[in-house]
Amino acid sequence: MEPPERRCLALVDVNNCYVSCERLMRPDLERTPMVILSNNDGVCVSRSAEVKALGSVPMGTPWHKMKNLARQHGILAMSSNYELYGDMSRRFHGLLATWVPPHCQEIYSIDESFLDFGGQRIDRTATGHAIKRQVQQWLGLPVCVGFGGSTKTLAKFANHVAKKRPEWQGVCDLTALSAEERLALLDQFEAKDVWGIGRRLSEQLKEHGIHTAGDLARCDPKRARERWGVVMERTINELNGVSCIAWEDEPPTKQQIISSRSFGGPVYTVDELADPVRMHVGRAAEKLRAQGSVAGRLGVFITTNAFRPQDPQYSPIRTIRLAVPTDDTATLTVWAVQILKSIFRPYRFVKAGVMLDDLRPKSVMQGSLFDALPSEQDMKREKLMGVMDKANGKWGRGSLGIGSAGVKGERDWSMQRGMLSPRYTTRWNELREIS
DNA sequence: TCTGGGGTCCTAGGACCC
DNA sequence: TCTGGGGTCCTAGGACCC
């Protein structure tokens with residue numbers, strides 16, 4: 001085995017991604033305090049700098065709880081427009097790909113990529129600014145760049161510094177610092193600012209006198225493992241430049257596929273629940289086929305509203321093992337409806353979902369001895385699935401489905417998106433007009 | 001009245017087998 | 001009366017991330 005090449009990892013991400021995407025199409029909103037809401041206009045998932053500056057609207061704030069504040073400060077709320085964000089995301093990651101050799105980009109999320117500049121002789125700070133400038137000029141999106149050196153956790157931290165400290169002007173190169181300087185910088189941030197340290201862990205760390213990211217970096221990883229487990233050990237090592245989190249330039253095939261969504265309004269009957277369950281089976285199976293897998297297990301869940309403690313609560317989930325793993329929407333739909341009927345009781349439901357588990361590559365699927373060869377019916381279904389996936393890709397999700405799964409139109413369970421912007425970049429008839 | 005959706009990894013405990 | 005121990009598989013739940 002050859003020793004791994006030395007890495008120099010950077011993390012590039014879009015500032016206030018969804019808000020920035022909306023402003024692209026509405027430059028007049030550049031200084032308007034605004035938030036983007038989740039599905040069903042439920043909670044706040046992206047905030048503009050003006051809203052963050054208020055300090056009273058944390059990520060995930062329910063929209064109905066901030067309406068007064070919004071009126072008071074003139075905060076504009078918009079429904080999320082994932083077609084727009086997905087399209088801008090593709091352009092963003094595509095542009096970043098041109099900065100590094102093949103296999104040196106890892107797309108980490110809709111608005112973040114790790115780039116590996118190891119082996120390239122570059123002026124990092126200058127390169128960071130050049131990337132920032134180019135993404136701004138070509139796509140109109142503001143980004144920050146953090147160079148962390150050998151580990152992803154340090155790249156994440158560098159990016160965090162670039163975002164939070166204006167004096168770095170959006171680009172932070174930790175590799176230019178000595179070990180002491182780096183620790184001093186880590187000491188200026190809380191442990192919970194470190195990637196992988198959430199609310200619970202940071203509380204526990206505080207009880208042990210570990211307050212800053214620097215405190216955490218100075219912990220003994222072995223002892224931390226005894227107390228908190230292997231994840232904490234890795235985080236501490238990564239903060240000290242010891243790489244423990246693998247590089248994954250190819251998206252790994254998913255081990256689980258979930259499709260679920262809250263309803264626009266409450267649903268009471270099994271017939272009403274069957275519609276969204278069929279739709280979720282369709283969506284999940286489509287994702288399954290897209291990655292060339294079959295599922296060995298299928299689960300269905302329905303939930304009542306946990307935010308109404310005065311209501312009787314009932315949120316069952318049932319999973320079954322499929323005798324023959326499959327990617328066939330019709331087969332999965334039949335089973336899913338069976339499961340739904342078996343768990344249904346009369347309650348006030350607000351959400352339903354479907355889960356595909358125990359995924360494996362279709363190519364190596366082992367049928368039972370006697371159906372090793374696909375039957376004529378199997379072949380017909382394959383063809384039908386292909387036609388369905390193409391149609392849904394072309395005309396939009398839900399154009400074609402099983403039973404009434406895909407019927408568009410307003411139902412109690414359909415999503416609320418009262419403040420949706422047009423699909424400027426992916427629909428000709430919704431293009432932005434310039435007058 | 002109104003509180004997102006989709007993932008990952010790890011751990012603990014029970015069932016079962018030899 | 002004594003009542004093993006290792007391995008595997010499965011499930012549930014906790015914690016984190018965007």
Side-chain angles (χ1 to χ4, degrees), chain A residues 11 13-14 16-18 35-46 57-68 70 77 79-80 82 85-86 89 107-114 152-153 156 159-160 191-205 225-235 244-246 248 251-266 276 280 283-284 287 291 296-297 299 301 303-311 315-321 348 350-359 412 415-419:
Chain A
L11 180 74
D13 84 338
V14 180
N16 315 331
C17 181
Y18 300 167
V35 296
I36 310 298
L37 304 177
S38 65
N39 286 325
N40 273 317
D41 297 336
V43 303
C44 165
V45 291
S46 180
V57 185
M59 198 72 157
T61 305
W63 168 234
H64 68 91
K65 279 193 179 172
M66 56 174 285
K67 276 187 179 166
N68 276 335
S79 306
S80 37
Y82 287 104
Y85 314 148
S89 173
I107 297 175
Y108 176 66
S109 77
I110 191 165
D111 69 339
E112 292 168 275
S113 260
F114 287 105
K152 287 183 178 175
T153 304
K156 272 282 211 180
N159 183 281
H160 185 75
K192 76 160 163 39
D193 294 329
V194 173
W195 190 37
I197 306 298
R199 195 172 51 85
R200 289 302 178 91
L201 284 176
S202 70
E203 281 167 14
Q204 293 174 26
L205 287 170
R225 179 180 184 147
E226 285 164 24
R227 174 69 183 75
W228 286 288
V230 64
V231 177
M232 184 69 83
E233 181 189 28
R234 280 180 205 151
T235 298
C244 300
I245 300 176
E248 291 169 4
T253 55
K254 296 195 192 322
Q255 305 184 21
Q256 180 181 58
I257 291 171
I258 299 172
S259 177
S260 76
R261 184 157 296 163
S262 312
F263 308 135
H280 288 307
R283 293 209 328 152
K287 291 185 201 170
Q291 72 164 27
R297 283 160 40 102
F301 59 91
T303 66
T304 49
N305 190 346
F307 292 99
R308 286 167 52 117
Q310 70 273 28
D311 279 9
S315 299
I317 173 168
R318 177 168 290 170
T319 309
I320 60 162
R321 175 157 293 287
R348 182 182 187 278
V350 296
K351 179 178 179 175
V354 160
M355 224 162 48
L356 299 176
D357 245 328
D358 191 19
L359 310 189
D412 282 343
M415 195 168 36
Q416 309 264 324
R417 291 206 288 182
M419 295 158 275

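Boundaries of the chain A contact region on DNA chain C are C:dT11 to C:dC18, first to last in 5' to 3' order (nucleotide atom under 4.0 Å from a heavy atom).
A:K67 comes within contact range of no nucleotide atom at all, as no heavy-atom separation falls under 4.0 Å. A:L37 comes within 4.0 angstrom of nothing in the nucleic acid, heavy atoms only. Residue contacts for A:K156: at a heavy-atom cut-off of 4.0 Å it reaches the sugar-phosphate backbone alone, with no base atom in range. Residue A:I110 is classed as having no contact, given no heavy-atom separation below 4.0 Å to the nucleic acid. Across all strands, A:R318 comes closer than 4.0 Å to no nucleic acid atom at all (heavy-atom distances). Among the heavy atoms of the strands lying under 4.0 Å from A:W195 are primed sugar atoms or P, OP1, OP2 only; no base atom is included. If you check every strand for non-hydrogen atoms under 4.0 Å, A:T61 touches nothing. Using a 4.0 Å heavy-atom criterion, one finds that A:D41 contacts no nucleic acid atom at all.
The backbone N or O of A:A284 lies less than 3.5 Å from no partner atom in the side chain of A:S259, so there is not a single donor-acceptor pair. The backbone N or O of A:C17 lies less than 3.5 Å from no partner atom in the side chain of A:D111, so there is not a single donor-acceptor pair. A:K192 places no side-chain N or O within donor-acceptor distance of the main-chain N or O of A:L201, the cut-off being under 3.5 Å. At least one donor-acceptor pair closer than 3.5 Å links the side chain of A:S80 to the backbone N or O of A:L37.
Take the nearest nucleotide of DNA chain B for A:P252 and for A:R225: the residue whose nucleotide is more 5' is A:P252. Taking for each of A:V230 and A:V43 the nucleotide of DNA chain B with the nearest heavy atom, the 5'-most of the two is the partner of A:V43.
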- Message: With salt bridge (Lys or Arg N to Asp or Glu O under 4.0 Å) as the criterion, how do A:D358 and A:R297 come out once you've worked through the C-alpha distance, each side chain's angles and the decisive distance to 0.1 Å?
- Response: CA-CA 6 Å; A:D358 191 19; A:R297 283 160 40 102; 5.8 Å; no

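With a 3.5 Å ceiling on both atom-pair distances, the Watson-Crick or G-U wobble partner of B:dC18 is C:dG5.
Using cut-offs of 30° and 60° on the angle between ring planes, the pair A:Y85 and A:Y18 is parallel.
Distance noted for atom P between C:dG4 and B:dG14: 15 Å (whole Å).
No side-chain donor-acceptor contact under 3.5 Å links A:S38 and A:N40.
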